[in-house]
Amino acid sequence: MTPVAFTSFTAPVAPVLTGKTVLITGASRGLGRAIALDCARHHANTLLLGRDVRRLEALADEIEQIGAPPATLIPFNLEGATVEDYGTISALIGEQFQKLEGLVLNAAVLGELAAIENYDPLQWARVFQVNVHSQFLLVQACLPVLRRADSSSVIFTSSGVGRQGRANWGAYAASKFALEGLMETLADEQAGVSSVRVNSLNPGPMRTRMRALAFPAEDPGTLPDPAAIAPYYSYLLSEASLGLHGQALTIPK
Ligand SMILES: NC(=O)c1ccc[n+]([C@@H]2O[C@H](COP(=O)([O-])OP(=O)(O)OC[C@H]3O[C@@H](n4cnc5c(N)ncnc54)[C@H](OP(=O)(O)O)[C@@H]3O)[C@@H](O)[C@H]2O)c1
């Protein structure tokens, strides 16, 4: 196994995503929404997965207004979905787009912030369902359509606490560590046998609902807007980043 590189990198300004089809989970708000908009601005076909249909529809309208290819909505609850439901997404992509060039695994929940000693087991299971199991199921279901593309990119969204444990971050931290393991394992399996690239990216602190839940006393005005982070994802989705595979990436401060 190649050692994981905990590297920072610099994204170029204008990646080319024209003609590429990209599925983004958790597109209803926060970082996922910003990634979807950035991909659309670079003329990708965007597939917006989320459970809040009204928010997804509003985003699709915004995408239409900027003159990007029409977005496809995938109303989906990562907590309750069955294995068959993931297969249905992959089949839909195959029918409508033939192949998938980008899979952005972004959706996550924070769960409770509590010491392991006191952590609620039901919350623990819920966090792992959304943050880990659903991502395994989605990437597994999508591998056939990802492999059909000449070049495709899978991005797991990590966190600082997925690389260095921190007291009271419980299931969220453990789930992000698990994602790093999933990324590394999948990257090693795909290396040399397919054109699927797999990386993880720690976006760092951003002005989103999740951050506000974790740090209620923090002034959100001191944090970057997720729109400033989204171009790093577009870069990783584009062929400008072809050399990056199996990397645990961090955005430089
Ligand atoms: N914000 C930060 O400072 C920060 C720092 C490091 C890493 N991250 C990571 O960045 C990613 C995006 O976080 P964010 O800050 O943008 O969080 P956010 O504002 O809370 O957005 C999370 C997204 O995930 C979706 N989601 C949650 N549970 C779902 C479910 N069961 N089914 C479908 N969708 C579901 C949410 O949908 P709903 O709208 O329906 O709830 C929402 O679209 C996450 O992976 C997070 O761990 C964030």
Side-chain angles (χ1 to χ4, degrees), residues 23-38 46-60 71 73-82 85-86 89 103-113 122-123 125-139 154-164 166 169-180 182-183 199-230 232-233 236 248-253:
L23 167 55
I24 303 119
T25 71
S28 60
R29 66 172 79 234
L31 179 60
R33 183 179 182 284
I35 295 168
L37 274 172
D38 202 66
T46 47
L47 309 186
L48 314 176
L49 184 149
R51 59 186 170 178
D52 187 330
V53 179
R54 267 196 287 180
R55 279 180 171 274
L56 295 181
E57 283 171 349
L59 177 57
L73 305 196
I74 308 181
F76 202 84
N77 187 339
L78 296 165
E79 210 176 328
T82 64
D85 293 332
Y86 291 89
I89 292 180
L103 177 58
V104 179
L105 298 154
N106 161 78
V109 288
L110 182 64
E112 66 174 333
L113 295 178
L122 289 177
Q123 280 278 345
R126 175 174 175 250
V127 171
F128 265 75
Q129 182 59 40
V130 176
N131 294 10
V132 184
H133 304 326
S134 78
Q135 313 216 11
F136 152 69
L137 290 167
L138 186 57
V139 78
V154 177
I155 309 170
F156 291 96
T157 300
S158 191
S159 166
V161 294
R163 293 171 182 176
Q164 168 91 56
R166 199 180 306 158
W169 280 76
Y172 180 80
S175 72
K176 294 295 186 178
F177 267 94
L179 276 193
E180 297 288 2
L182 177 55
M183 178 281 284
N199 294 286
S200 69
L201 178 57
N202 168 18
M206 294 167 290
R207 200 187 314 149
T208 67
R209 181 187 60 171
M210 183 184 286
R211 180 76 186 184
L213 285 172
F215 297 92
E218 186 176 53
D219 173 5
T222 61
L223 299 169
D225 190 292
I229 307 301
Y232 290 89
Y233 281 82
L236 276 179
L249 300 160
T250 302
I251 295 173
K253 291 211 169 94

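All ligand and atom numbering here is 1-based and tracks the order in the structure.
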Does an N or O anywhere in Pro205 fall below 3.5 Å from an N or O of ligand 1? no
Less than 4.0 Å is my threshold; does some heavy atom of Gly204 fall inside it relative to ligand 1? yes
With heavy-atom distances below 4.0 Å as the criterion, list the atoms of ligand 1 near Asn106. 11 (C), 12 (C), 44 (C), 45 (O)
Return the option from Met210, Arg33, Lys176 holding the heavy atom at the smallest distance from atom 13 (O) of ligand 1. Met210
Taking Asp85 for the side chain and Thr82 for the main chain, is one N or O donor matched with an acceptor at less than 3.5 Å? yes
Any N or O of Ser159 closer than 3.5 Å to N or O of ligand 1: no
Just jot down the ligand 1 atoms closer than 4.0 angstrom to any heavy atom of Tyr172, in number order. 7 (C), 8 (N), 9 (C), 46 (C), 47 (O)
Ser158 near ligand 1 by a heavy-atom separation under 4.0 Å: yes
Minimum side-chain heavy-atom gap Asp225-Arg207 below 4.5 Å: yes
Just wondering, do Leu249 and Leu236 contact through their side chains at under 4.5 Å, heavy atoms? yes
So the atoms of ligand 1 within less than 4.0 Å of a heavy atom of Thr157 turn out to be 9 (C), 10 (O), 11 (C), 45 (O)
Output the list of atoms in ligand 1 that are nearer than 4.0 Å to some heavy atom of Gly30, sorted by atom number. 16 (O), 19 (O)
Can you name the atoms of ligand 1, numbered from 1 with element, that are less than 4.0 Å from a heavy atom of Glu79? 31 (N)
Counting heavy atoms only, which of Arg209, Arg126, Arg51, Gln135 comes nearest to atom 35 (C) of ligand 1? Arg51
Does an N or O anywhere in Asn202 fall below 3.5 Å from an N or O of ligand 1? no
Only heavy atoms of Ala108, strictly under 4.0 Å: list the atoms of ligand 1 that pass. 22 (C), 24 (O), 27 (C), 44 (C), 45 (O), 47 (O)
With a 3.5 Å distance limit and no angle check, can you tell me whether Ser200 reaches the backbone of Glu180 through a side-chain donor-acceptor pair? no
Is the ring pair Phe76/Tyr86 parallel, tilted or perpendicular, if the boundaries are 30 and 60 degrees? perpendicular
Answer yes or no: is there a side-chain heavy-atom contact under 4.5 Å between Phe156 and Leu201? no
Contact (N/O only, under 3.5 Å) between Leu31 and ligand 1: yes
With a cut-off of 6.0 Å (strictly less than), are more than 12 heavy atoms of other residues, nucleotides or ligands near CD of Gln164? no
Mind running side-chain hydrogen bond (donor to acceptor under 3.5 Å, both in side chains) on Ser175 and Asn131 for me, showing each step along the way? CA-CA 6 Å; Ser175 72; Asn131 294 10; 3.2 Å; yes
For ligand 1, which part of Arg55 has a heavy atom less than 4.0 Å away: the side chain, the backbone, both, or neither? neither
So, regarding Met206 and ligand 1 (criterion: nitrogen or oxygen to nitrogen or oxygen, under 3.5 Å), is there a contact or not? yes
Using distance alone, determine whether Gly26 and ligand 1 share an N or O pair under 3.5 Å. yes
Should one rank Leu105, Leu78, Leu48 by closest heavy-atom distance to atom 34 (N) of ligand 1, which comes out on top? Leu78
Contact between Arg207 and ligand 1, counting heavy atoms under 4.0 Å? no
Short list, please: which atoms of ligand 1 are under 4.0 Å from a heavy atom of Phe76? 32 (N), 33 (C)
Looking at side-chain heavy atoms only, is the closest gap between Thr46 and Leu59 below 4.5 Å? no
Answer whether the closest heavy-atom distance between the side chains of Arg126 and Leu122 falls below 4.5 Å. no
Under 4.0 Å, heavy-atom basis, I'd like to know which part of Val109 is in contact with ligand 1: side chain, backbone, both or neither. side chain
